[in-house]
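First up is the structure itself, then whatever we jot down about it.
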There are 2 protein chains.
Amino acid sequence: MNDANTTVGSTVYHQIKHDIIFGELAPGAKLKLNALKERYAASLSTLRETLNRLASEGFVDAPAQRGFFVRDVSPEDLSEIAGLRILLECHALELSLANGDTEWESNLVAAHHKLSRMEKKMLLGDKSSKETWKRYDWEFHLATIQACRSQNLLDLHSIIYDKYLRYQNLVLTHRGEIASQEHADLLDAAIFRDADRAKDLLKKHIIGGLAHTSDAMDWKMVDTYA
Amino acid sequence: MNDANTTVGSTVYHQIKHDIIFGELAPGAKLKLNALKERYAASLSTLRETLNRLASEGFVDAPAQRGFFVRDVSPEDLSEIAGLRILLECHALELSLANGDTEWESNLVAAHHKLSRMEKKMLLGDKSSKETWKRYDWEFHLATIQACRSQNLLDLHSIIYDKYLRYQNLVLTHRGEIASQEHADLLDAAIFRDADRAKDLLKKHIIGGLAHTSDAMDWKMVDTYA
DNA sequence: ACTTCAGGTAAATTCGAAAATAACATATAT
DNA sequence: ATATATGTTATTTTCGAATTTACCTGAAGT
């Protein structure tokens, strides 16, 4: 994230990952090397490196000698992902609230302000900047847990967050107004260092998103995340 | 894990991962492609696929255009890894105890029996089968959480467990007798479905291993995992 | 003495082609 | 008609070579 990686491999990695998360490469789709070669203008070896990386992160399936597929979606998987996001993000949130300094606080307020502005724009019907909005949403949630002092935890969370995001992107509608209020409440609890309230709000926020997605997909969920 | 992958890539992947976890490739070591090519009898491209996979799992560092390095170790990283193992494995344990059926129970008892036999052998001074012992230890802990009904959780846990194991393998001594008793107690709590006791025992088991490792490394730890 | 720049060497990155394997269609036998 | 065998095509896997980039050494300048 930090270095301006100009290598072909790194560029292709971010492109394909983006296309999977934003649904431009559909769940279950076969990823034929020669087709990808044209689409992303990279050689077979470079593409294979990329797909192996995405496979170990769980965005791609790589059955032996059968090529590569976009990881399929399912109600069970969504439920697991939501459960893991609750587990990891709540834990990180608690640590972050215990450790965050003033610098962390001001970054958090700034991230929320950016997100809040974007949410108002979206509520007025501006559908043009969906991806920017999703990025601000990510930056806000990241800002809350940034002070957790565990890079390993942040790395794990980042992958789970992206998987959760892919499910959200599969459905066309959003729960804008509700989510916006939940973000504001979460910011408030975080600034006041009320870990229990913040964790509870976050959990409800995630479950709310899960319910919205599974409803739109017409999936009946069994609540095993708890 | 399930398919008998006979491809060169898959073989090399398991070999290099093993060599990192068991310290045969030292922390921080430069992984020169040409040297690896001889050692593992594979081509550059195949090795790069493997190293990219290991990089995204966090066993290898891959700074842009600077090649590959075995991920370095540090007290902070060990502390984070232990904290994450506690978080993930305790959570999975709770779910598993809630969901496990008789089949799960009998697999767990069997796994503990195998481990227990091996531990007795090790206590008598048989140092020959350290790797087998470590595998049985892994299989026992996996058996406890196997019924958690979340493949995503098991996948995440597997990576963290291996990272924790690498630290254990860096030190020469083990806390055989104590760990053996802790395994027996954990089995007991699991069979009796006492989730709180099982989680508490597991947490102490992991922290005990952490303390043993950090002592042997002469590292002063700050307890941030909690 | 310290920094900056250039040249040469070693290494990583990227590519296209060769080999191995799977997928498919057709034909033959039960 | 179904199942098995066979040959053909498409795709993946693997490799070695070409390109690009970083690293090291020593000279020139401040």
Side-chain angles (χ1 to χ4, degrees), chain A residues 1-20 24-72 155, chain B residues 1-20 24-72 155:
Chain A
M1 301 290 167
N2 36 14
D3 47 6
N5 258 332
T6 52
T7 75
V8 177
S10 165
T11 308
V12 173
Y13 166 76
H14 289 294
Q15 283 177 339
I16 297 185
K17 186 167 178 176
H18 173 278
D19 288 350
I20 292 176
E24 280 149 52
L25 292 170
K30 179 76 200 280
L31 296 168
K32 291 188 197 171
L33 277 309
N34 284 313
L36 295 184
K37 191 179 152 176
E38 294 205 354
R39 175 163 179 172
Y40 296 102
S43 73
L44 282 328
S45 315
T46 305
L47 282 166
R48 287 183 59 80
E49 286 180 26
T50 298
L51 294 173
N52 270 291
R53 259 174 92 175
L54 291 169
S56 88
E57 290 176 14
F59 294 102
V60 160
D61 276 328
Q65 275 153 343
R66 309 268 241 76
F68 300 91
F69 300 81
V70 177
R71 174 61 66 82
D72 216 339
D155 291 345
Chain B
M1 298 288 172
N2 37 15
D3 47 7
N5 259 332
T6 53
T7 73
V8 176
S10 165
T11 309
V12 173
Y13 167 76
H14 288 294
Q15 284 178 338
I16 297 186
K17 187 168 177 176
H18 173 278
D19 289 350
I20 291 176
E24 279 149 54
L25 292 170
K30 178 76 199 278
L31 295 168
K32 291 188 197 169
L33 277 306
N34 285 315
L36 296 184
K37 191 180 153 177
E38 295 206 355
R39 176 163 179 172
Y40 296 101
S43 73
L44 283 329
S45 316
T46 306
L47 283 166
R48 287 183 58 82
E49 286 181 26
T50 299
L51 294 174
N52 270 290
R53 259 174 91 176
L54 292 169
S56 88
E57 291 175 14
F59 294 103
V60 161
D61 275 328
Q65 273 150 346
R66 310 267 241 74
F68 300 91
F69 300 81
V70 178
R71 174 60 67 81
D72 216 337
D155 291 346

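Computed from a prediction, not measured in an experiment: that's the story for all the values here. Each chain gets a letter, A, B and so on, in the order the sequences are listed, and its residues count up from 1.
Applying the side chain to side chain contact (heavy atoms under 4.5 Å, CB included) test between B/Val60 and each of B/Ile20, B/Ile16, B/Val70 identifies B/Ile20 as the sole match.
Using a 4.5 Å cut-off on side-chain heavy atoms (C-beta onward), A/Leu31 and A/Leu47 make no contact. With contacts defined as side-chain heavy-atom distances shorter than 4.5 Å, the pair B/Tyr13/B/Glu49 does not qualify.
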Verdict with reasoning, A/Tyr40 to A/Thr11, per side chain to side chain contact (heavy atoms under 4.5 Å, CB included):
CA-CA 9 Å; A/Tyr40 296 102; A/Thr11 308; over 6 Å; no
Report the C-alpha distance between A/Val12 and A/Leu36 in whole Å, list the side-chain angles of each, state the deciding distance to 0.1 Å, and finish with yes or no for side chain to side chain contact (heavy atoms under 4.5 Å, CB included).
CA-CA 10 Å; A/Val12 173; A/Leu36 295 184; over 6 Å; no
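Within a heavy-atom distance below 4.0 Å of DNA chain C, the residues of residues 30-45 of chain B found are B/Lys30, B/Leu31, B/Lys32, B/Leu33, B/Ser45.
No side-chain donor from either of B/Thr7 and B/Ser10 sits under 3.5 Å from a side-chain acceptor of the other.
Taking only side-chain atoms of B/Val8, from C-beta outward, the nucleotide of C/dA23, D/dA22, D/dC15 with the closest atom is D/dC15.
Per the geometry, CZ belonging to B/Phe69 stands 13 Å off P belonging to D/dA22, to the nearest Å. Rounded to whole Å, the distance from CD on A/Glu49 to C1' on D/dC15 is 14 Å. Per the geometry, CG belonging to A/Leu47 stands 14 Å off C1' belonging to D/dT13, to the nearest Å.
Across all strands shown, B/Arg48 has heavy atoms under 4.0 Å from base atoms, whether or not it also approaches the sugar-phosphate.
Between A/Arg66 and C/dA23 there is a side-chain polar atom (N or O) within less than 4.0 angstrom of OP1 or OP2. For B/Gln65, a side-chain nitrogen or oxygen approaches OP1 or OP2 of D/dA22 to under 4.0 Å.
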